[in-house]
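One structure is given below, encoded as structure tokens.
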Amino acid sequence: MFDFLFRLFDTSDFPARWYCGNWTAGHGYLHIGSDLATWAAYMALPCVLAYFALKRDDIVYPKILWLFAVFIFACGTVHLIEASIFWWPAYRVSGVVKLVTAAASWLTVLALVRIVPQAMELPQFSMVMTQLQEESIARKKAQHNLEERDRRTQIILESAIDAVILMSDKGHVTQWNPQAETIMGWTAEEAIGQELAELFIPPKYRDQHRSGLQRFLETGEGPILNQRLELTALRRSGQEFPVELTIIPFQLSDQWEFCAFVRDISELKEAERIQGTLSALAESSADAIIGEDLEGTIISWNREAENLFGYESSEIVGESIMKIVPEELQEELTAALSRVTTGDSIRDWETMRKRKDGTQILVSVTISPIYNRNGDIIGVSSIDRDLTERQKYIETLRQQTAELENTNEQLLKMKDRAETANQTKSQFLANMSHELRTPLNAIIGYSEMMLEDIDRGEQESLPDDLEKIRKAGRHLLELINDVLDLSKIEAGKMELFVEEINPESFVTEIVETVAPLAKANTNQVMLSDLGPLPNMVTDRTKLRQILFNVLSNASKFTENGRIDLSVKTVQMSAEPWIEFTIQDTGIGMTEEQLDSVFDAFSQAEQSTSRKYGGTGLGLAIVGQFSQMLGGNYEVTSQLGEGTTFTIRLPQRLEVPVFRKDQDEAPLAETSASAETSESEDRETVLVIDDDPRVHDMLTRFLSRDGLKVVTASNGVDGLEKARKLRPMAITLDLLMPSMDGWAVFRELKDDPELCEIPVVILSIVDDQEMGFALGVSNYLTKPIEMPRLASLLKQYRSHESACSLLVVDDDADTRMRIAEAMAEEGWSVVEAGDGQQGLDQLNSQRPDLIVLDLLMPGVDGFEFMSELRKNEKWQSIPVVVVTAKDLTQEERERLSGRVESIIQKNASRGDELLEQIRKYLRQRPLEESDDENDQTSAG
Amino acid sequence: MKTIRLLLVEDNEMNRDMLSRRLASEGFELVSAETGQQAIDMAQSEQPDLILMDMGMPVMDGWEATRILKSSAETKHIPIIALTAHAFTQDEERSRQAGCDDFLTKPIDFPRLLKAIEQLLN
């Protein structure tokens, strides 16, 4: 059967198609044309496929393509043969070709079938394309983002406030942003690649940095990493400066890198320093300093503000400033603040503020704007000064000024008074002179005349003239007695002897005494209205003189009249008083005369005394004595009608306070107080001064001299302390509030217990004359010359405490030694070189103790002793014999019973001698009461 | 020789008595007055050669009497010697201002008084 394969191209058995059947040309060529066209197309397709397959290596199924190409080529070949069969009947070839085509078709089918499931999986092409497109866009976007991020990072790095530096694990710089350039001074170009340590770390820290880096790389330990540090860094200029630094390590492809953020904090530090200084200033300010923001909210509040307004800083910061402003002033402040926020300042604005407790205070406020660095106003500062104190101060000043003026006035008054006193004194002297001269004129004149008469042998008028001399003499005596009385009173030396008297008999007695005087002027003295009278306790002599003077005065100025004396009890305060009234029907007095009736030498007219006699002192004495007896006096008169004197005296004369105290105080207390006053007496100085600085100064200064200083800051206190302590001396300021120094002085001198205490005036007022006139012991002007004061006070101490010692010794050295040592111990020492001198000294001053040497030229110790013992006044003086002589039995007998102690003198041991004297004195304290008695009787 | 007539003005009886007697024994003719007013009257009526005037007297004192005497044509030529117990310089001054021609203090130095009288009358 395969024989036809050998005859493929044998066309002999078949006719050409044109000849099979009735082909029309048209019909035939339709076949031929279509087949040829198909063939051509079928040839082209495999070519394209093949080309495609060859060109694209990413074809998913390339074998299928090839199968398609073969199959299509075969199909095309079939169509070519079909066309050619019209002329060439090669049916055998046609059959083979069709078989090939069939085979290729089936192969393709099979191949397709096999790959269909896979092909089903394949995406559709359009989808693939879309996907492709999307992917492409996303990629582009990502790309863009990446770039943007890079750019942003770059911007961040470049615009960072901090320096951002990257460092490799070798310690080299890999990144260096512009801020790093600015801060450190190195450009990125210069810095990158350099070792960071060299650029940025001060030399002394570099090794530390390097070892730290090394350790981190080796062990992973980096204690300073990942945290904020404050360190010192280095600028390119070599200047060190503070930085805040954070180092972050990170790892890229197994390599460690480090990112450092560096902030220059030198300005911050400086600001902190300034801030610290400023806040210290604000805190220590004596003014309240308040910071407010533009809304008036308090943002700072210093300590003084706390003090002034009473709010703690913690409770007021954050509150409105209006919290310390009284409501009615808030509007004003708002206006002020708005002015300040436009740049004005308000200075020393005196206004009110409200404290936490609601009280209002006067303050001076200065408000200023607070600017920031750029010159913008960011708040206001308010400096509030408390004027309350100033107000008080002004008030005090005003008061002090007033006081000063007052004091000044008082001083002027006192000056006037002193001047008046001075005038009075001169007047007194003039009067005295006058009053003495008048009787003296008579005495001298008559006696001269009598002498002449005797010369001439005329004697008949002598007895009369002698009587006149006697009368004038008696008048002089009367005058002198009165003057003495008055001066005693004025010197405060008049003593009171208080005793109990029966007023009735007392008055009767006086009336009897006055009767002859009254009769001389044919007057009648009547005792009337003698009610039941209690006994009086008073000074008899003084009262007698008072009544006698008034009665004789009345007798003198009344003629043919009547003098009535009445006595009755009156109630003055709590105590009963006795009132004596003497009424006469005499010449009376004018108002003017009444005013001065109790002044010395103030007889109504200077010549009155010539007519009526008298010294002009009688009523002055009445006035003074009445006061001494604690009473008062009064006179009323009608010219030509008569005069009435009224004398009122306490029924019981108050004995001076101290005696009463001592009598009534319990025994224990008495002795205690006596002790205190005695022990303190000799050392205590009372300082009366209102200035505490003077207290302080005197206390410090005087205690160095062993004086005890007690201070009093006003007159009342001073007097109280003076009475209690009986100080050795008193220093007294003059200008003191309420009770001035002169008033205190007067009271001191009025108090019989205190009047002997020396008073030293310490004052800025220099009026020594007046001071001495009033009887101060000394007068120092401020500023006080301390050494002078101290020496003055020491004098008083020695005066007060001194016991006197007579040292009778021919050896000047021994005398001197004893004298010096004893003087140091407060003795006043008198020295005598022999017995005679010793006796002379005894006559002028009686010592409390005698230290006697025995062997002396002239009157020796034995003779001295016998003279001493002869005299009654001297017998009680203790004598300590100090002798170098070994006494014989006989000599001892001569002395025994007469001397207190015999001390052996040993020239080489002078101290022992003194010790012996002291020892003797300790064993036998001097009996002061005896001495006083002796002295009284001696004087 | 004409007897010299003195007017003694003195309120103190003792002193008046004493002085007038002593002056009389010196050969003076004495008239005396106890008050200022009396002195003026007597100066006019008696026309003494000289007046001895005590200064401190009641009613009208010596100063005033002197002033009146010295201002009166009838009496101003009569010299006046002040006799006073006021012994201070201002007292002398006061007396001279009143018109006294001389001034002596008590107690009186009698020879000085005589000398003063003699001086004034020559």
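Order of the sequence lines sets the chain letters (A, B, ...), proteins ahead of strands, with each chain counted from 1.
Every side-chain contact (heavy atoms from CB on, under 4.5 Å) that Glu458(A) has, sequence neighbours left out, goes to Asp453(A), Arg456(A), Glu460(A). Partners of Lys115(B) under the side-chain contact (heavy atoms from CB on, under 4.5 Å) rule, at least two apart in sequence or in another chain, do not exist in this structure.
With values rounded to the nearest 0.5 angstrom, Asp584(A) atom CG is found 8.5 Å from Asn523(A) atom CG. Interatomic distance, CE of Met450(A) versus CG of Leu462(A), reported as 5.0 Å (0.5 Å rounding).
Interface with chain B: from residues 634-645 of chain A, no residue qualifies, criterion being any non-hydrogen pair under 4.5 Å.
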May I have the step-by-step check of side-chain hydrogen bond (donor to acceptor under 3.5 Å, both in side chains) for Ser71(B) and Arg67(B), ending in yes or no? CA-CA 6 Å; Ser71(B) 58; Arg67(B) 263 191 296 276; over 6 Å; no
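The list of side chain to side chain donor-acceptor pair (under 3.5 Å) pairs with a residue in residues 442-451 of chain A, not counting sequence neighbours, reads Tyr446(A)-Asp17(B), Glu448(A)-Arg22(B).
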